[in-house]
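Here the structure is laid out as structure tokens; the discussion comes afterwards.
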Amino acid sequence: MVRKMSVPDMMFSVANYLFLSLLVIVTIYPFYYIFIYSISDSFEAQKGVYLWPAGFSLESYKTTIGLRGLPDAALVSLMRTVLGTIITVLSCSFFAYLITKHEMPLRRLIYRFVLITMYFNAGFIPWYLTMRAYGLQNNFLLYILPTALTGFYVILIKTFIEQLPQSLEESAKIDGAGYFTIFTRIIFPLSMPIIATIAVFAAVAQWNTWFDNFFLVEDPKLQTLQLVLYNFLNQSNSIANMTTQEMTQNAEARTMTPQSIRMTITMLVTLPIVLVYPLLQRFFVKGIMMGAVKG
Amino acid sequence: METAYETKKQSPAKAAPKVKRRKTGTFRRDGIKLLLMAIPFVLLAFAFHYVPLFGWIYAFFDYRPGIPLSQAEFTGLATFRAMLSDPEMLRVLTNTLALSFLAILTAPLPLILAILVSEVKVEWFKRLVQTTSTLPNYISWIIVFSLAFSMLSSEGALNQILMNLGIINEPLNILGNSDRVWSVQTMLLVWKTVGWSAIIYLAAIVSIDSEQYDAAKVDGAGRFRSIWHITIPSIMPTFLVLLLLSISNLLSAGFEQYLVFTNVMVADRIEVLDLYVYRLGLVLRDYPYSTAVGIFKSVISVLLLFMVNGLSKRIRGESII
């Protein structure tokens with residue numbers, strides 16, 4: 001066969017490569033820009049930063065990390081990500097296991113009861129009032145309890161458990177192991193591929209969620225990083241005022257523009273995602289494929 | 001009644017033949033144990049998804065925060081009637097539908113991107129495009145806002161570059177332009193989601209039997225004809241499902257996106273249904289009306305979902321939900 005490219009094919013190829021390169025630049029440049037701005041000298045950067053950092057200084061990181069409230073917020077974000085992910089993974093997987101047991105009475109009814117929650121929503125005010133009635137306002141549990149049982153994850157894990165070989169579980173049962181033992185010793189370890197996928201889904205969701213914080217948590221000790229950044233961007237909240245306050249108090253910080261601090265906080269919130277990104281990509285793609293198969 | 005009860009009791013044993021040989025007594029005790037273990041999860045789902053539904057009752061009373069509901073006057077459907085004559089409602093619905101339709105119009109973009117990426121033969125470049133274009137999917141709208149602000153605000157990088165090149169004299173006000181807000185927001189949405197949505201199509205393309213392409217080549221079909229006659233028909237079912245799903249989400253135009261990108265200049269044209277519900281509820285403290293608008297949205301969304309599901313069954317013989 002002729003390996004030579006026809007002229008229109010050739011033109012298509014060139015255009016395609018150019019277009020996709022442009023797409024890569026449009027996607028990556030904003031991240032890159034924030035990065036070089038954050039490591040630039042604050043006042044040099046104000047004159048314009050495009051491809052290289054203007055001067056080099058890590059002062060903005062020092063100042064930002066020293067901002068009152070920021071280390072707390074980082075801790076809250078980390079805690080909600082770690083604890084939220086653990087509780088979600090454990091409850092979804094154990095529930096999914098129970099649902100695979102055919103000897104459970106009302107099994108289908110219970111499964112549907114949980115799955116249907118994916119498709120309706122009571123609305124904002126009913127949600128708000130219910131959370132307050134539960135005492136979850138200004139409460140850390142607000143971050144981790146409502147998402148503990150998520151229908152979509154249950155589907156994925158249940159599908160996975162159902163295709164595991166039955167024989168292992170049978171023999172454990174003959175040896176007298178109860179459901180809980182079988183789950184912790186056999187099912188959970190064997191389900192690691194799907195568990196890891198769910199864990200990554202849940203962790204990204206936890207790290208990125210902020211509306212619960214925005215609407216129901218005012219306690220400065222329970223703010224998440226996302227909301228600190230949001231408040232800073234709006235220049236409307238105490239954090240923003242705190243920054244200017246700190247800046248006037250602290251001689252060192254006076255060499256810092258608000259833009260530099262904004263870029264630096266953005267970097268600090270984005271960095272964890274970028275660092276685990278290769279991992280995310282692999283598990284997310286796997287998860288969405290399984291989701292697509294299941295519908 | 002009797003027979004229905006009997007069959008219900010029989011069916012689990014039938015479905016799990018391996019436990020048949022065990023005594024019914026153990027079987028039932030196991031069942032009770034499982035049921036007890038499942039109860040906390042049922043309660044969890046009930047507490048966080050079903051209990052809020054009882055809050056719908058606020059829409060039927062003249063409730064004010066601070067006074068107990070029992071002392072509030074029952075107003076029946078008056079709140080819903082008021083909703084129909086609310087001019088704000090019309091504006092908010094227009095915004096919601098406009099932004100949703102624009103999003104639906106961009107639905108072919110991920111498909112096109114997937115085709116373009118699949119045509120790339122240089123492996124590292126392919127991976128580069130895939131990795132970078134999906135990155136925005138993993139960041140929150142707050143980060144997107146921060147990035148957009150540093151690029152597009154009046155002191156942002158884009159304006160600085162354009163001014164330095166002498167293309168413009170005055171900075172463009174991209175994020176505060178009321179006339180352009182719908183298209184700007186749609187572009188931001190595409191920026192965040194296009195790479196990720198393309199992955200689903202890419203997977204569908206990879207699973208196409210390569211013999212089809214070889215056969216087409218033998219028959220003298222060029223690149224475009226292969227794309228048109230093999231690639232596109234193979235990913236059409238996936239496209240249809242996603243399109244139908246986006247139609248069922250018509251009234252749920254991205255709350256977080258418009259909340260972070262709202263400002264005084266664009267507020268009127270960016271306020272979607274969800275934002276209106278929030279403003280009515282938490283800013284204006286009109287709980288009954290806010291709840292009523294929320295009910296309106298929820299009911300229509302569920303109806304749309306059923307409709308779309310029925311449509312999918314009719315077209316593909318398969319349901320979405």
Side-chain angles (χ1 to χ4, degrees), chain A residues 6 9 12 16 19-20 23-24 27-28 30 33-34 48 50 91 95 98 101-107 110 113-114 117 119-130 146 148-149 166 170 179 204 208 210-211 215 226 229-230 233 262-263 266 269-270 273 277 280-281 285 288-289 292 295, chain B residues 12 15-16 18-19 27 30-31 33-35 37-38 41-42 44-45 48-49 51-53 55-56 58 116 119-120 128-129 131-136 138-140 142-143 145-147 149-151 157 160 199-200 203 222-223 256 260 277-278 281 287 290-291 294-295 297-298 302 305 320-321:
Chain A
S6 67
D9 265 12
F12 172 81
N16 192 14
F19 172 78
L20 291 176
L23 182 81
V24 169
T27 314
I28 283 306
Y33 179 82
I34 297 264
Y50 305 107
S91 63
F95 179 69
L98 294 179
K101 297 286 112 210
H102 289 269
E103 58 265 39
M104 181 206 266
L106 308 175
R107 188 179 74 98
I110 292 174
F113 183 80
V114 170
T117 61
Y119 302 110
F120 69 85
N121 189 340
F124 181 73
I125 287 295
W127 168 78
Y128 178 80
L129 293 175
T130 311
L149 192 61
Q166 289 271 303
E170 285 294 313
Y179 289 113
V204 172
N208 283 338
W210 52 276
F211 71 89
F215 294 120
Q226 300 278 352
L229 174 64
Y230 179 71
L233 289 167
R262 185 162 57 78
M263 304 288 177
T266 310
V269 183
T270 319
I273 298 278
Y277 181 57
L280 295 185
Q281 183 72 348
V285 173
I288 202 168
M289 289 316 149
Chain B
K18 274 173 193 158
V19 276
F27 189 76
D30 282 350
K33 245 189 252 168
L34 283 165
L35 200 59
M37 286 192 280
F41 299 101
V42 172
L44 208 58
F48 288 109
H49 296 277
V51 170
L53 289 175
W56 282 13
Y58 287 100
L116 292 182
E119 289 298 316
V120 169
L128 176 77
V129 176
T131 329
T132 50
S133 64
T134 38
L135 179 59
Y138 302 98
I139 57 173
S140 67
I142 291 179
I143 303 275
F145 176 61
S146 181
L147 295 175
F149 191 78
S150 4
M151 289 295 113
Q160 282 188 344
I199 286 192
I200 303 172
R223 205 170 193 170
E256 294 195 4
V260 293
V277 168
Y278 151 63
Y287 286 8
S290 175
T291 309
I295 293 175
K297 196 206 125 175
S298 303
V302 169
L305 187 70
I320 304 176
I321 53 173

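Throughout, protein chains are lettered first and strands after them, A, B, ... in sequence-line order, and every chain is numbered starting at 1.
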Residue among B/Ile139, B/Leu35, B/Val260, B/Leu135 with most heavy-atom pairs under 4.5 Å to chain A: B/Leu135

Region of A/Val204 in contact with chain B, defined by heavy-atom distances below 4.5 Å: side chain

Minimal non-hydrogen separation, B/Ser146 against A/Arg262, with atom names: O-NH1, 3.8 Å

Engaged part of A/Ile273 at the chain B interface, taking heavy atoms whose separation is under 4.5 Å: side chain

Chain B interface, residue from A/Asn121, A/Ile28, A/Leu129 that has the most non-hydrogen pairs under 4.5 Å: A/Leu129

Option that, when pairs with chain A are counted at under 4.5 Å, heavy atom only, ranks first among B/Gly281, B/Ala157, B/Gly55, B/Ser140: B/Ser140

Residue selection (most heavy-atom pairs with chain B, distance under 4.5 Å) from A/Leu23, A/Ile110, A/Val114, A/Leu149: A/Leu149

Nearest non-hydrogen partners of A/Val269 and A/Gln226, listed with the distance: CG1-NE2, 3.5 Å

Minimum heavy-atom distance A/Pro146-B/His49, with the two atoms named: O-NE2, 4.5 Å

Nearest non-hydrogen partners of A/Met104 and B/Ala38, listed with the distance: CE-CB, 3.6 Å

A/Phe124: ring-ring contact (aromatic ring centres under 6.0 Å, His included) partners, not counting sequence neighbours: A/Trp127, A/Phe215, B/Tyr278

B/Leu116 portion near chain A, given a 4.5 angstrom heavy-atom threshold: both

Under 3.5 Å: donor-acceptor pair, side chain of B/Ser290, backbone of A/Ile125: no

Residue B/Val42 versus chain A: region with a heavy atom under 4.5 Å: both

Top contributor to chain B contacts, counting heavy-atom pairs under 4.5 Å, from A/Pro126, A/Ala148, A/Ser91: A/Pro126

Contacting moiety of A/Thr130, where chain B heavy atoms sit under 4.5 Å: side chain

Contact leader toward chain B among A/Thr266, A/Thr270, A/Asn16, where contacts are heavy-atom pairs under 4.5 Å: A/Asn16

Partner set under ring-ring contact (aromatic ring centres under 6.0 Å, His included) for B/Tyr138, not counting sequence neighbours: A/Tyr277, A/Phe284

Contacting region of B/Met37 [heavy-atom separation from chain A under 4.5 Å]: both

Rounded distance [0.5 Å steps], NZ in A/Lys101 versus CZ in A/Arg107: 9.5 Å

Non-hydrogen side-chain atoms of B/Leu147 and B/Ile143 separated by less than 4.5 Å: yes

Top contributor to chain A interface from B/Val120, B/Val277, B/Ile295 [non-hydrogen pairs under 4.5 Å]: B/Val120

Options B/Thr291, B/Val51, B/Leu44, B/Thr134, ranked by heavy-atom pairs under 4.5 Å with chain A, top entry: B/Thr134

